Every structure is written in C-alpha cells, then in structure tokens.
Amino acid sequence: MSSEKKPAWQALQSHFEEIKDEHMRDMFEQDTNRFGHFSLTLNDILFDYSKNRISPKTMDLLLDLARECDVQSWRDRMFDGEAINHTEHRAVLHSALRNRSGKQMFADGENVMPEIRHELERITRLANDIRNRTWRGATNQPITDVVNLGIGGSHLGPMMATEALHPYAIHDLKIHYVNNIDENHINNTLETLNPDTTLFIVASKSFTTQDTMMNAETARSWLLHKIGDSKLLELHMIAVTSNARAAVEFGINEDNIFKMWDWVGGRYSMWSAIGLPIVISIGPENFELLLQGAFEADQHFRNAPLDENIPVIMALLGIWYNNFFNAESIAILPYDQNMHRFPAYLQQADMESNGKAVDRDGKHVNYSTGPILFGEIGIASQHAFYQLLHQGTKLVPADMLAPISNFACIANHHRALMSNVFAQTEALMKGKNQDEVIAELKAEGKDDKEIEFLLPYKLFPGNKPTNTFLFYTLDPKTLGSLIALYEHKIFVQGIIWNLNSFDQWGVELGKKMATDILDELNEGAQVSSHDSSTNGLINYYLKLRTLNPKA
Ligand code: G6Q
C-alpha cells in the first residue's frame, strides 16, 4: 500500500488540521517539562526535539506510521544483509564495516567480517608506515603530503571527517582533496607539492569515473616527469577500488590496492578503505573510535524502542514537516567550525538517497519525498541566511549541532558561541509578538508614529522548528555516532516513502550525455543535433575557444 494510504498517514492528516496553528510558545507554557518529554540521549549526545510543532499525540501517530510501514522489519532486513537495494540486487551493509560486536554479518550467504578485518589491518599498516615515516618515496624521502583523488562518495566523507577531526591530525602530514575535473583544482594543489614527498590515493569504487581518472592521469604524468622510472610510481600512487584489474592496468601495484565491496554504496563508504585519508590523518586508534561511535549508534538504532530511537524520531519529524506542513527544505547548522563540510556531506547522503519519485514498486509517488538539504556553519549563517528562517515565508526546519567543549576551548569564545546556539533556537521558537515589540520600541524612546510604522517589520512569528544536538566534544567517537544517526534517519525516511535509498540512477543521464558531447567538442565542428539552446551554447564555446590555442 502506498504510504499516504496508510491509516496512520490519514490520521496524521486530520491531526495536522488540529495542530497546525498551535504555537510552540503555548505548548511550552502548557507543559513545563516539555524538554523532559521530548529529548533523548545516546552516550553524551543529547538530542532535544522539544522545539518542534508536535504534541504527544503527534508523536504517537508518527510512531504508528513507522510501525505500519514496517520500519523495524526493514531495519532487520538491512542488518541481515538482504539485497534491499533491489534495483542493483545488492545488500546494504555499511554497518558491517563498523561492526565491533565480534559477531558475523552476511551478504549473499557469505560472512563479510573476515575480509573487512583483513582490509582494516592493511589500511592500519599502511597508515602507520606513512605516519611513522617508514614509507619512503622514490628518492627515499618520507611522505609529507597525501592527495585523495576521488569524487562524490569517494571524496565527501573522508574530506568532511578529516576537517571535523582536525585537532586529532598528525601535524607534519597534510591531506589534500581533489575532486573537480576542472584543471584549476589539481593545478592549484600540485603547485604547492613536491613529487618526492607526495602520495596519491586514487579513490574510485568503479575506477572508471571520468573526473577521478583524468585527475589520476594528470597526477601520474606530474610524478613521472620528476621521478622518471614508471616502476617507482608504486611508491607514490595507491588505490581504493572494487575494480582491482583496472587499477593494475593503470599502473598501481596490486599490493597497494585496497578493497571495496558491492554492498557498500559510495555515500556510505567512509567506514571502508575509502576512509584511508582519515586513518592517515588521525591514526588507526582514532579511526577505530570513529567506527566504535558509529557501531554504538547502530546498536541504538537496532535495539532502542521506536519511541526512544533517535534516528527514528529524527526521520518522523522530517516526514511531519515534509509531508504535512509541506516544508521543502531542511537546514543543517553546525556550531563547530571543524564541521564546516558536514552539511555538504549530509547533502549527498540525504539527497542522493531519497531524492526520488519512483517507489520500490516502480510506481510514481504522489507525495513529496526527500527534502532539499542545505546548511553552513551556524554562526556565519546567522549573519547571512537566518533572516529567511526567522521572517521569511518558508518553513525551514533546522538541526543545530554544538560541542559543549572543544580542543582549544577558550572560555570567552566558547561561551559566546554557545549563547548563540541557545538564543537562536529560542528565538526561532518564540519569535517576538506585538506587545514585546511595542514595549521594546517604547524603551528605545520611539514615538507612537514611529512605533506604528516599525511594528510589522519588527515582528517575529516564531513557531520555527529546530532539533538541537549537544555533545561533550567533537571527538572521533562522537562524530562516528552523529554520522550513523543521520544515515539511519535517511534509511527510515526511505522506508516510509517506500523508496530504494541505495541506488542513484539520477546521476546517469548527465554523465552519458557529457561523454557524447565531449566527442563533439574534441571534433570541433559546429553542431546542430541538439535543442537550439544547447546548440547555441556549444557553438558559442567552440567559437570563443579559438582565442586560446590551448583550450
Ligand atoms: C555515491 C555515488 C557517487 C559515487 C561517485 C564516485 O553513493 O555512487 O557519489 O561515489 O560517483 O564513484 P566512484 O567511487 O566509482 O568513482
């Protein structure tokens, strides 16, 4: 049965009519322990969801929806290694990569744990060799710079995590990321590097992705130009891929190829050897803690009752706004500078997973699915787009994330930071009403005419929902837990929308067309086979490109 025909969905629709105009201000007044009723913890992570437009009845109905959509049995099917990615006939087992239980996990009837442990040992050895300077380049110098060449799922996770865990990074080793086929990216990166002390990781599950392969070829030429002998290339280039044959053909030594599996999707792969830059940066022990944090979130997701299950609640709140309030977007707003790529990471995880309009039965859905996810560092955003959150016409539910303490912790900085977190969630919830605005303007000495004029501009409607995550500090374990909570939230929403969250056919069309157009650009003759806009753009490009003989 399609999701919106479920009895709980219908009940939520009627309940929405009852509650839609209620203000959270009143809800907080009516229930003085609203925070106690609507907050949960996982280790030191506090999840406060009390500033949402919900009542106990809303939560009961949303939980009914989760039950009617069989969230629990789908969850078990995922952890049991069933091929729930049905369009690609694949299991979805990123949780196996961080399975610390000592128990077996299966894909296609095969226990995947021995291979996972084996690869983890291999990346640990490699990372240690680089970190303790045992790994030497062609001129016997230690590695000072590691460049990850990858895109999408082979880029965003490691980049986000190395940034987030910067305080745990080894100091005399720099990690760089190149994902863009635009030559500016690799050129700007190579400009600062010395081939003798640089190691490239070609990170590509398929080892066919145009962007990554082109960057890998440029990197290989740059290395060969300096070190000359192609046999020495193996000291400067390694690969992470499930296509070992292509990596060997490219010139990478078999011993330096780290494995990926079909049952890990790119955007869920930072826990595998794709996380190698993270291991090199923060060290194997810290990487194990990252895995441990994710494992603990997995355990929570598997075992906590639905009404105490953080990712389930996160997902249901998202459904509430997306499908009943018709909110189109969500904002991810970390109050930790090191989390500056966290929104970008979640953007892929969420939008590539649930940005779909065809359900598991091949039918076009007639309800809204994955939201537009955007975000930035909270503090910077306050001075940029929060205006729209506070006074715009759109409802944008937001997640705020903040550490109670951080590595450098300077009290005046950190207390000021935290005061902003608390102030923003309160301001978004409460808003500012007419009486408050008038009293404030009077106190400023404004006359009645000026007050009447300014009043509409100074009103804040409030009733804007936020979730707040507070955690002691952004250490590897906490980061692992936070990411896994979001992964499971996305999973639960996919189940409720009856989607396959683990394929991504939507990225294919543009890729294929780009390949065909590249042939036309290489040929260089004027084109007429496309629509008039595309013909016009290509022909304009071909004309002006003659200005630069290198273009
Ligand atoms: C992620 C997607 C996609 C993928 C990239 C890179 O889930 O599948 O973002 O990770 O297209 O693919 P390769 O790792 O195969 O180069």
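Please read these numbers as outputs of a predicted model, since none were measured by experiment. This chain uses plain numbering: 1 for the first residue, then up along the sequence. Counting starts at 1 for both ligands and their atoms, following the listed order.
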_Shortest reach to atom 15 (O) of ligand 1 by a heavy atom, considering only Ser269, Ser154, Ser206_ = Ser206

_Under 3.5 Å, is there a donor on one side chain and an acceptor on the other for His86 and Asp503?_
no

*asked:* Under 4.0 Å from a heavy atom of Gln504: which atoms of ligand 1 are those, numbered in the order shown and with their elements?
replied: 7 (O), 8 (O)

_Nearest 0.5 Å, please: how far is CG in Asp211 from CG in Asn180?_
7.5 Å

*Of all the non-hydrogen atoms in the protein, which one sits nearest to atom 5 (C) of ligand 1, and at what distance?*
Ile151 O, 3.5 Å

*Describe, in one word, how the ring planes of Phe250 and Phe207 are oriented to each other, choosing from parallel (under 30°), tilted (30 to 60°) and perpendicular (over 60°).*
perpendicular

_Would you say that Leu120 contacts Arg117 through its side chain, given a criterion of any heavy-atom pair below 4.5 Å between the two side chains?_
no

*Identified side chain to side chain donor-acceptor pair (under 3.5 Å) counterpart of Glu288 within the set Lys477, Arg100, Arg98*: Arg100

*Which heavy atom of the protein is the closest neighbour of atom 1 (C) of ligand 1, given with residue, atom name and distance?*
Glu352 OE1, 3.0 Å

_Using heavy atoms and a 4.0 Å limit, tell me yes or no: is Gln348 in contact with ligand 1?_
yes

*Among all protein heavy atoms, pick out the one at the shortest distance from atom 12 (O) of ligand 1; state its residue, atom name and that distance to 0.1 Å.*
Thr209 OG1, 3.5 Å

*With atoms numbered from 1 as shown, which atoms in ligand 1 lie under 4.0 angstrom from a non-hydrogen atom of Gly266?*
1 (C), 7 (O), 10 (O)

*Quick one: which of Tyr345, Phe491, Phe342 gives a ring pair (Phe, Tyr, Trp, His ring centres under 6.0 Å) with Tyr486?*
Phe342

_Polar atom proximity, Gly153 to ligand 1 (N or O, under 3.5 Å)_ = yes

*Should you measure from each heavy atom of Ser204, which atoms of ligand 1 turn up under 4.0 Å away?*
13 (P), 14 (O), 15 (O), 16 (O)

*Is it possible for you to check whether Arg302 lies under 6.0 Å from the centre of the six-membered ring of Phe79, through NZ or CZ, and within 45° of that ring's axis?*
yes

*Check whether any N or O atom of Thr212, backbone or side chain, sits under 3.5 Å from an N or O atom of ligand 1, and answer yes or no.*
no

